[in-house]
Amino acid sequence: MSAPCILILGGSFDPVHTGHVGLAHYCATLLHPDVLRLIPAGQPWQKPELATPATHRMAMLKLAFADCAIPVQFDDQEICRTTPTYTIDTLRALRAELGEKVSIVLAMGADQLINLHTWHQWQQLFDYAHLCVATRPGFLLTQDTPTAEVAREITRRKASAAQLRATPNGLVYLADNLALDVSATTIRQALQQDNNTDELLPRAVLDYIHQHHLYKIN
Ligand code: ATP
């Protein structure tokens, strides 16, 4: 029997939206993980201060993934960290928790791959996890778009979803069939301007935002 596979999705989730849910479902369809683990960021070191306290972001995350077909875990380790949030630290902690054999797959959108060379200790991510990178409107996903160094790593590590599922870490799968044109930035702007966000947010998340008066300037 093969070792378990855990699919990780981290993010600001400020707020969680249909792009995040779609990305997680898409990667889950490809990888058939045993569990999906969602890890909201504390204070991401590459972004300006988050608009919303972690308790609200976590609550919205739980609403958005309430009906998920696979088991979901909500992990507050980054929220609880008092130092800046580095993905490498999270992956190290996950590997220590889960052991050497488990397949750990970090899901991300193409915007993150293009940015990968700026991540703290990015080369070492592969010592702990695989990457499953999905297309995102506005960001090209080819082996040539990131820096030459990242492109070299992708070429060297490119593999099938089945290979990621069957091994613990070190591979990259480029998933090129997702096209969800939604971002938290546009949603925050739309909410501030009272524009319609029905297609962009799960209904329960939108209700939560209204109940708690989030993303309003006044
Ligand atoms: P912001 O607009 O505030 O920068 P965001 O919409 O990019 O936020 P994050 O919480 O930063 O959302 O994203 C978490 C993860 O989800 C990242 O890996 C990101 O690439 C991915 N992601 C977010 N939206 C999409 C989308 N529409 N399609 C594919 N991946 C996405």
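Computed from a prediction, not measured in an experiment: that's the story for all the values here. For this chain, numbers begin at 1 and follow the sequence in order. Just so you know, ligand 1 is whichever comes first in the structure, and atom 1 is the first atom listed for that ligand.
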Distance-only N or O hit between ligand 1 and Ser12, under 3.5 Å: yes

Is there a donor-acceptor contact under 3.5 Å from the side chain of Asp34 to the main chain of Cys5? yes

Would you say the side-chain atoms of Thr52 and Tyr215 include a donor-acceptor pair closer than 3.5 Å? yes

Quick check: does any side chain N or O of Arg165 sit under 3.5 Å from a backbone N or O of His32, one acting as donor and the other as acceptor? yes

Geometric N/O contact Phe13 with ligand 1, under 3.5 angstrom: yes

Is the closest side-chain donor-acceptor distance between Thr87 and Thr90 under 3.5 Å? no

Look only at interatomic distance and state if Gln112 has a nitrogen or oxygen under 3.5 Å from any nitrogen or oxygen of ligand 1. no

Atoms of ligand 1, numbered as shown, that sit under 4.0 Å from any heavy atom of Gly109: 18 (O), 19 (C), 20 (O), 21 (C), 30 (N)

Check for me whether the distance between the ring centres of His56 and Tyr208 falls short of 6.0 Å. yes

Taking atom CD of Gln193 as the centre, report whether more than 12 heavy atoms of other residues, nucleotides or ligands fall under 6.0 Å from it. yes

Backbone or side-chain N or O of Ala110 under 3.5 Å from ligand 1 N or O: no

Can you tell which part of Leu23 has a heavy atom less than 4.0 Å from ligand 1: side chain, backbone, both or neither? side chain

Are the side chain of His117 and the backbone of Thr147 linked by a donor-acceptor contact shorter than 3.5 Å? no

cation_pi(Lys62, Phe74) dist<6.0 Å, angle<=45: yes

One finds that the ligand 1 atoms under 4.0 Å from a non-hydrogen atom of Met108 are 18 (O)

Quick one: is the NZ or CZ of Arg157 closer than 6.0 Å to the six-membered ring centre of Phe126, and within 45° of its axis? yes

Please could you name the atoms of ligand 1 that Gly10 approaches to less than 4.0 Å, counting only its heavy atoms? 14 (C), 15 (C)

Applying a heavy-atom cut-off of 4.0 Å, say which part of Val182 lies close to ligand 1: side chain, backbone, both or neither. both

Nearest non-hydrogen contact to atom 28 (N) of ligand 1 from the set Arg136, Arg188, Gln189 belongs to Arg136

Below 4.0 angstrom from a heavy atom of Thr185, which ligand 1 atoms are there? Numbered from 1 as shown, please. 1 (P), 2 (O), 3 (O), 4 (O)

Just checking, is any N or O donor in the side chain of Arg92 or Gln121 under 3.5 Å from an acceptor N or O on the other one? yes

Backbone or side chain, does any N or O of Thr135 fall under 3.5 Å from an N or O of ligand 1? no

Quick one: does Ala134 get an N or O within less than 3.5 Å of an N or O on ligand 1? no

What atoms of ligand 1 come closer than 4.0 angstrom to any heavy atom of Ser183? 2 (O), 6 (O)

Tell me, please: is Gly22 in heavy-atom contact with ligand 1, that is, under 4.0 Å? no

Quick check on contacts: which atoms of ligand 1 are under 4.0 angstrom from a heavy atom of Asp111? 19 (C), 20 (O)

Taking Leu201 as the fixed residue, which of Leu63, Ile187, Thr18 is the one that meets the side-chain contact (heavy atoms from CB on, under 4.5 Å) rule? Ile187

Against heavy atoms of Gly11, which atoms of ligand 1 measure under 4.0 Å? 10 (O), 14 (C)

